[in-house]
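Read through the structure below, which is laid out as structure tokens, and then see the notes.
Worth saying up front: this structure is predicted, and the values here are computed from it rather than measured. Values reported hereafter were calculated over all heavy atoms of this structure, with side chains retained and with hydrogens, waters and symmetry mates removed. Here is the naming used below: chain letters follow the sequence lines, and residue numbers restart at 1 for every chain.
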There are 2 protein chains.
Amino acid sequence: MPPMSSKTVSASRVTLADIAEGCGVSRATVSLVVRNSPLVHADTRAKVEAEFKRQGYVYNRGAANLRQGRSSIVALVINDLSNPFFAEFAAGVDEALGEAGYAMLLGSTSESVARQQAVLSSLMEHRPAGIILSPAEGSEAGGVAGAVGSGTPMLLFNRDMGGCGWDFLSMDNQAGARMATEHLLAQGHRRIAFYGGFQVSSSCRQRRLGYAEAMAAAGIAPEPHWLIETAPTRLEAARQVAALFANDPALTAAVAYNDAVALGLMLGLAGCGRQAGRDFAVTGFDDIPEAAVSVPPLTTVATDPRELGRQAARRLLERIAEPAQATAAIVAPVRLAVRLSSSPPL
Amino acid sequence: MPPMSSKTVSASRVTLADIAEGCGVSRATVSLVVRNSPLVHADTRAKVEAEFKRQGYVYNRGAANLRQGRSSIVALVINDLSNPFFAEFAAGVDEALGEAGYAMLLGSTSESVARQQAVLSSLMEHRPAGIILSPAEGSEAGGVAGAVGSGTPMLLFNRDMGGCGWDFLSMDNQAGARMATEHLLAQGHRRIAFYGGFQVSSSCRQRRLGYAEAMAAAGIAPEPHWLIETAPTRLEAARQVAALFANDPALTAAVAYNDAVALGLMLGLAGCGRQAGRDFAVTGFDDIPEAAVSVPPLTTVATDPRELGRQAARRLLERIAEPAQATAAIVAPVRLAVRLSSSPPL
DNA sequence: CTGAAAGCGCTTACAG
DNA sequence: CTGAAAGCGCTTACAG
């Protein structure tokens, strides 16, 4: 006599075979139902679906992927999730991935190249269909390629690593810095510094390029000491403010590498007896939430990180669908949010 | 004649069998090597590991998990990644999970119960070893249980849903609000409102409780209209400020539900001819980055969301290791960050 | 439209 | 310490 079991279902151990047996069809048929194949008769489908409910069936996508030799996972590797810019980016990636039926595996590197290698290797063991990587500062193409291999489509975000056949998405750093500089020029500033960031980073180079472009167009040749390098953090930016005026006390404005640097700069200005937005103009880059509420509110180049995330995911999915297509470098537009920190010179 | 292939390895299609064949051992042996079994001879291990390198082998954790009937993935489901509090929390979860060799599958719900159901169901198909869920506003235990089943350990974060045999981790809302209220009382305030949040949310109820406790201890019976409900957003908080003074223009301070509400409240005060930190004291909750740089800087209850994330992950991993143990409600301590927004009354 | 058999890449007993 | 066989839960041809 069979036991009166399977009324209470044992924790999601229900398999396709159980369903098949439960309603008297083959496993193949159940498999077709689960994947919405039109081959199966409506009555059969209904019967099978009722059995799904009854037994509490949960599809095992891992098993399916193993058999099919594909994957419904995309890995996102980010330097710093606690940076709101990347958090928004991740939210955008998740959004677009979810729509396409992919799940997102997330890893973070804390800007450490060593951790990045470890995280990439570990994520690869889950056989993602593709990877979105925002490279840690100082990443090298060789190391990353070694961890990822050549079989997994990858899209680089924010920092390029020398065309290794990967797609690359970034915001238009050059145009952004150009817009910020042009804005300051339009306010009547002439002696404008470019403040902060590491020269080695591609985003810093691009922003400096935009700055130089605008200055040149205005017929101004920036002095070498108008270019000040600092770690891209608030604290470091605040510390270096003295260096800004050491060589040229007549500077009246600065295009900061990013908002963190700009906020640090504004803080440091006070220590030099100057006040941002009053006797010195500052612009930032990123438009982090704080920018709108700082004192004074910070004029900055606004990007839409969530939209960037969506774009990154969509582009990667395209490549997953068609791996052979040519590699692309996508540049997303930016806009200037003008606030009080960028007033005309005295 | 065999082809001279396999010099350039075809994109990570290398399997254990290839390695076994490549160095003349059985697949079982290679499997033992990959899992660091002490059973295998050092020479054999070295030979196999050399072959890993040579062929560029990547372990397929999905296949291993399928066979072993376990999982090395944990799913994190969060209401809003663009909220820095949750982003930090996620970073902490990721950190602790990584240390333990787990990968993190991330989903976000945008505070939508419907999306939460969809996300949970979708993530379950990847057979996570456990789930950390920060429930969307209005979640019900039944729905969540339906999507997750009873076989997967789950830890709830931040919002409880009526003891369904799940672990629950939250910060000490009650103590935090009590501390904030006591601080205002110590400054000499008596007519103190509790401002913002939805009464239905457990965190709001707990904070109100802490507020009431401190008031009672000071011998003050809060008037009913000192409790003002608003959506927990800056905008809504700013809009409702008039309501605050409609019934009682003599209020001198408010304990705000969280920092967003507090910042909105401070904004709205200006519209009523008052100034936070000068003729009205405000405290917040969360210590978001903006709190330190707002004008005036916001006194607030600081939590350490990254540490909360680590704790959540560690607790979940414990339960995964030992599913039978009793369910726990973990309350993480908080501290008060005193700043200028909470000055004494005029 | 449905069923029996083989296989995805791994691990697990079970012998040796 | 190593090997041959079976199986995790699914899908894929291939017959019917």
Side-chain angles (χ1 to χ4, degrees), chain A residues 9-49 51-52 55-73 124-129 149 151, chain B residues 9-49 51-52 55-73 124-129 149 151:
Chain A
V9 181
S10 77
S12 75
R13 285 289 163 82
V14 182
T15 160
L16 271 195
D18 298 326
I19 302 296
E21 194 181 353
C23 54
V25 300
S26 76
R27 291 178 306 166
T29 303
V30 180
S31 175
L32 292 174
V33 170
V34 91
R35 286 174 294 153
N36 283 313
S37 161
L39 292 179
V40 45
H41 192 79
D43 295 353
T44 312
R45 169 181 306 283
K47 195 169 57 172
V48 170
E49 283 175 343
E51 192 68 11
F52 282 156
Q55 296 203 33
Y57 175 69
V58 175
Y59 188 53
N60 186 329
R61 204 167 281 278
N65 286 340
L66 175 58
R67 181 58 175 89
Q68 294 179 120
R70 49 175 197 167
S71 164
S72 51
I73 289 181
M124 283 306 292
E125 298 186 346
H126 291 96
R127 293 289 142 87
Chain B
V9 181
S10 79
S12 73
R13 286 287 165 81
V14 182
T15 160
L16 271 195
D18 298 326
I19 303 296
E21 194 182 355
C23 54
V25 301
S26 77
R27 292 178 305 167
T29 303
V30 180
S31 175
L32 291 174
V33 170
V34 90
R35 284 174 295 153
N36 284 313
S37 163
L39 293 179
V40 44
H41 191 79
D43 296 352
T44 312
R45 171 182 304 283
K47 196 169 60 172
V48 170
E49 282 174 345
E51 192 68 13
F52 283 157
Q55 295 202 32
Y57 174 70
V58 176
Y59 188 53
N60 187 328
R61 205 166 280 277
N65 286 340
L66 175 58
R67 181 58 177 90
Q68 293 180 119
R70 49 175 197 167
S71 164
S72 52
I73 288 180
M124 284 306 292
E125 297 186 349
H126 292 96
R127 293 290 141 91

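- Of all nucleotides listed (C:dT11, C:dT2, C:dG9), C:dG9 comes nearest to the side chain of B:N60.
- Separating the CD atom in B:E21 from the OG1 atom in B:T15 is a distance of 10.5 Å, to the nearest 0.5 Å.
- Tested against A:N60 for a side-chain contact (heavy atoms from CB on, under 4.5 Å), the candidates B:M124, B:E125, B:R127, B:H126 yield a single pass: B:R127.
- The A:A63 side chain lies nearest to D:dC10 when the options are D:dC10, C:dG9, C:dT2.
- A:D18 has its side chain out of reach of A:E51: every pair of non-hydrogen atoms, C-beta onward, lies at least 4.5 Å apart.
- Once rounded to the nearest 0.5 Å, the distance linking CG of B:L32 with OG1 of B:T44 reads 10.5 Å.
- When distances run from any side-chain atom of A:T29 to the nucleotides D:dT2, C:dG3, D:dT12, the shortest one goes to C:dG3.
- B:R67 has its CZ atom 16 Å from the P atom of D:dA5, to the nearest Å.
- A:R70 has its CZ atom 15 Å from the P atom of C:dG9, to the nearest Å.
- Contact between the side-chain N/O atoms of B:T15 and the OP1/OP2 oxygens of C:dC8 is not found at any separation under 4.0 Å.
- If you check every strand for non-hydrogen atoms under 4.0 Å, B:R27 touches a base.
- With rounding to whole Å, A:R35 atom CZ is found 14 Å from C:dT2 atom P.
- Residue B:S26 has no polar side-chain atom (N or O) positioned under 4.0 Å from OP1 or OP2 of D:dT2.
- Along DNA chain C, the nucleotide closest to B:N65 and the one closest to A:L39 are compared, and the more 5′ of them pairs with A:L39.
- Put simply, A:Q68 has a side-chain N or O that comes within less than 4.0 Å of OP1 or OP2 on D:dT12.
- Using a 4.0 Å heavy-atom cutoff across all strands shown, A:A64 reaches sugar-phosphate atoms only and no base atom.
- Atom pair A:I19:CD1 and D:dG9:P shows a separation of 13 Å (rounding to whole Å applied).
- Residue order along DNA chain D, read from the 5' end via each residue's closest nucleotide, puts B:A42 first among B:A42 and A:A17.
- Residue A:Q68 qualifies as enclosed at atom CD: its count of foreign heavy atoms under 6.0 Å is above 12.
- Side chains of A:R35 and A:S31: a donor-acceptor N/O pair is present below 3.5 angstrom, by distance only.
- Rounded to whole angstrom, the span from the NE2 atom of A:H126 across to the P atom of C:dC10 amounts to 13 Å.
- Between C:dC10, C:dG3, D:dT2, one nucleotide has an atom nearer to the side chain of A:A28 than all others, and that is C:dG3.
- A 3.5 Å limit on both hydrogen-bonding distances identifies D:dT2 as the Watson-Crick or G-U partner of C:dA15.
- Of the side-chain N and O atoms in B:S31, none sit less than 4.0 angstrom from OP1 or OP2 of C:dT12.
- Contact annotation: B:R45 does not reach the phosphate of D:dT2 (side-chain N/O to OP1 or OP2, under 4.0 Å).
- For the pair B:H41 NE2 and D:dT2 P, the interatomic distance rounds to 8 Å; values are reported in whole Å.
- Taking atom CD of B:E21 as the reference point, atom C1' of D:dG3 lies 15 Å away to the nearest angstrom.
- When the C1' atom of C:dG7 is taken as reference, atom CG of B:L16 falls 16 Å away, rounded to whole Å.
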